[in-house]
Amino acid sequence: MASRILVTGALGQIGTELVDALRKRHGVDAIIASDVREIEDHPVMSSGPFHLLSVLDEDEMRRLVVDNQIGTIYHLAAILSATGEANPELCEKVNVGGTKVVLECAREHNLRVFAPSSIAVYGPDCPSIAPQVTPLNPTTVYGETKVVGEQLAVYYWMNHGVDVRGLRYPGLISYKAPAGGGTTDYAVEIFHAALEDGEYTCFVREDTRLPMMYMDDAIRATLDLMDAPADSLGDARGGYNIAGCSFIAGELVTSIQRHLPDFTCTFEPDIRQTYADSWPDEIEDDVARREWQWSPAFDLDAMVDAMFAGLGANLD
Ligand code: NAD
Ligand code: SER
């Protein structure tokens, strides 16, 4: 029976931790990691099977699926918001085109799929606390590709019976891999700058509030969603809202200063402020809580403590 797992975009911020979690759960050889690039000494490449794969290469994807008896794809390959707005054609090609390739392959070979969405599906007309169901009018190309991704997921589920599931991840904060070119990257970069330089220049305003989440919560949500019985999932299956912790950039600085009182942050907003301003402050995750018992474990201070511990900081 085809029971192995293929992870696309596995060398990125999420893949670095998801591959590790999946290998611990299912065994090293059961998880085939892939990415369009190679990174020397990357733990995902050195800890188990790895293949170079562009998600736009339909034939190679099919070959990998058949040769490795793949039963599930975790599809993480994408271009994130800041990189995507700088190169909208590439963003659309990879995010929409790659998702179509994965879903077609899933239809042909009866695969299960995890395909993440984002808080970027929302636009400026959304309430500041975003409900699961509301008009989705993003003003970024990245956000548009994520809306299309959710629609494709629901289409393939309804019309072809493909078991596709997705989460609208908030901005993810982690220490094992760099953030991959998004608007929420400041909430990752700030920790490295605080430890290395004692100061950081933040590219969004001090009062910018966004939904965020510590990576441990995101990985647990991913695995829990994929474990949930299919009949417990409703119309949100293409992109469940999951809330972690929401904070303004200034509150992040204050929380960091609990450990590093001399740390300073200045605020010099750039174009990424526009993208941040178009997204909600918080998200409502009542549907995920009800349908598959989602609940986050990390608030702002717990996340900051875990980041410093993970970075090996010797702090009081
Ligand atoms: P990332 O940028 O860190 O990693 C993406 C990976 O995809 C990279 O390793 C890159 O090399 C790879 N990639 C790019 N083009 C490819 C192609 N053509 N074929 C194969 N691989 C390709 O991103 P991430 O943070 O790990 O995000 C993974 C998914 O989660 C994406 O769909 C993203 O939109 C979503 N997401 C992430 C966040 C976050 O804060 N990290 C938040 C919301 C949603
Ligand atoms: N963290 C992601 C970004 O900023 C949101 O999807 O692009």
Side-chain angles (χ1 to χ4, degrees), residues 6-19 33-39 42 44-45 50-58 60-61 64 73-87 90-102 113-122 138 140-150 153 166-174 176-189 203-204 208 210-215 217-219 221-222 239-242 244 271-280 283:
L6 175 67
V7 182
T8 72
L11 301 189
Q13 189 191 7
I14 300 175
T16 298
E17 304 213 20
L18 183 63
V19 168
S34 70
D35 204 291
V36 75
R37 58 179 173 157
E38 291 181 302
I39 301 177
H42 195 290
V44 161
M45 292 178 59
F50 175 84
H51 292 270
L52 266 181
L53 170 70
S54 167
V55 288
L56 300 175
D57 187 341
E58 215 168 332
E60 184 62 7
M61 170 109 39
L64 266 183
I73 299 182
Y74 286 76
H75 173 45
L76 304 180
I79 306 296
L80 271 66
S81 60
T83 312
E85 296 317 291
N87 195 340
L90 178 70
C91 183
E92 194 166 349
K93 196 164 143 187
V94 173
N95 295 9
V96 177
T99 301
K100 282 183 181 167
V101 167
V102 167
V113 176
F114 173 75
S117 184
S118 164
I119 52 162
V121 293
Y122 295 110
T140 60
V141 171
Y142 172 72
E144 283 174 16
T145 68
K146 290 292 162 186
V147 173
V148 174
E150 289 190 12
L167 296 169
R168 290 176 183 155
Y169 287 131
L172 299 182
I173 301 170
S174 67
K176 291 186 182 164
T183 302
T184 56
D185 290 17
Y186 66 88
V188 176
E189 291 172 3
F203 58 75
V204 297
T208 302
L210 283 174
M212 298 280 189
M213 178 174 283
Y214 187 53
M215 186 62 84
D217 272 343
I219 298 297
T222 306
Y240 280 96
N241 280 5
I242 47 167
I271 184 68
R272 290 169 282 191
Q273 182 71 55
T274 319
Y275 317 146
D277 286 344
S278 74
W279 297 344
I283 48 181

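Note that ligands are numbered from 1 as they come in the structure, with each ligand's atoms numbered from 1 the same way.
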Exercise for the section: Decide yes or no on side-chain hydrogen bond (donor to acceptor under 3.5 Å, both in side chains) for Ser117 and Tyr240, but give the supporting numbers first. Expected result: CA-CA 8 Å; Ser117 184; Tyr240 280 96; over 6 Å; no

Handout entry: Donor-acceptor pair, side chain of Asn241 and main chain of Ile283, under 3.5 angstrom
Key = no

Practice task
Report the part of Ser81 (side chain from C-beta onward, or backbone N, CA, C, O) that has a heavy atom under 4.0 Å from ligand 2; answer both or neither where that applies.
Solution key: both

Practice task
Answer yes or no: does an N/O atom from Thr183 fall short of 3.5 Å to an N/O atom of ligand 2?
Solution key: yes

Problem - atom 5 (C) of ligand 2: nearest protein contact (heavy atom, Å) - result: Ser118 OG, 3.4 Å

Practice task
Indicate yes or no: does an N/O atom of Thr184 lie under 3.5 Å from an N/O atom of ligand 2?
Solution key: yes

Problem - Stepwise side-chain hydrogen bond (donor to acceptor under 3.5 Å, both in side chains) check, Thr183 with Ser81 - result: CA-CA 6 Å; Thr183 302; Ser81 60; 2.8 Å; yes

Exercise for the section: Would you check whether Trp279 has a nitrogen or oxygen atom less than 3.5 angstrom from a nitrogen or oxygen atom of ligand 2? Expected result: no

Problem - Main-chain N/O of Tyr142 paired to Thr145 side chain as donor or acceptor, under 3.5 Å - result: yes

Exercise for the section: For the residue pair His75 and Thr8, confirm or rule out a side-chain donor-acceptor distance under 3.5 Å. Expected result: yes

Exercise for the section: Anything with a heavy atom under 4.0 Å from ligand 1 counts, so go ahead and list those protein residues by chain and number. Expected result: Gly9, Leu11, Gly12, Gln13, Ile14, Asp35, Val36, Arg37, Leu53, Ser54, Val55, Leu76, Ala77, Ala78, Leu80, Val94, Pro116, Ser117, Ser118, Tyr142, Lys146, Tyr169, Pro170, Gly171, Leu172, Gly180, Thr184

Handout entry: Whether over 12 other heavy atoms sit under 6.0 Å from Glu189 CD
Key = yes

Practice task
For Ser54 and Glu60, test the side chains for any donor-to-acceptor distance below 3.5 angstrom and give the result as yes or no.
Solution key: no

Exercise for the section: Measure Tyr169 to ligand 2 on non-hydrogen atoms and call it side chain, backbone, both or neither using the 4.0 Å cut-off. Expected result: neither

Practice task
Report yes or no: do Arg168 and Tyr122 form a side-chain donor-acceptor pair below 3.5 Å?
Solution key: yes

Practice task
Flag the pair Met213 / Ile242 as yes when at least one side-chain heavy-atom distance between them is below 4.5 Å, and no otherwise.
Solution key: yes

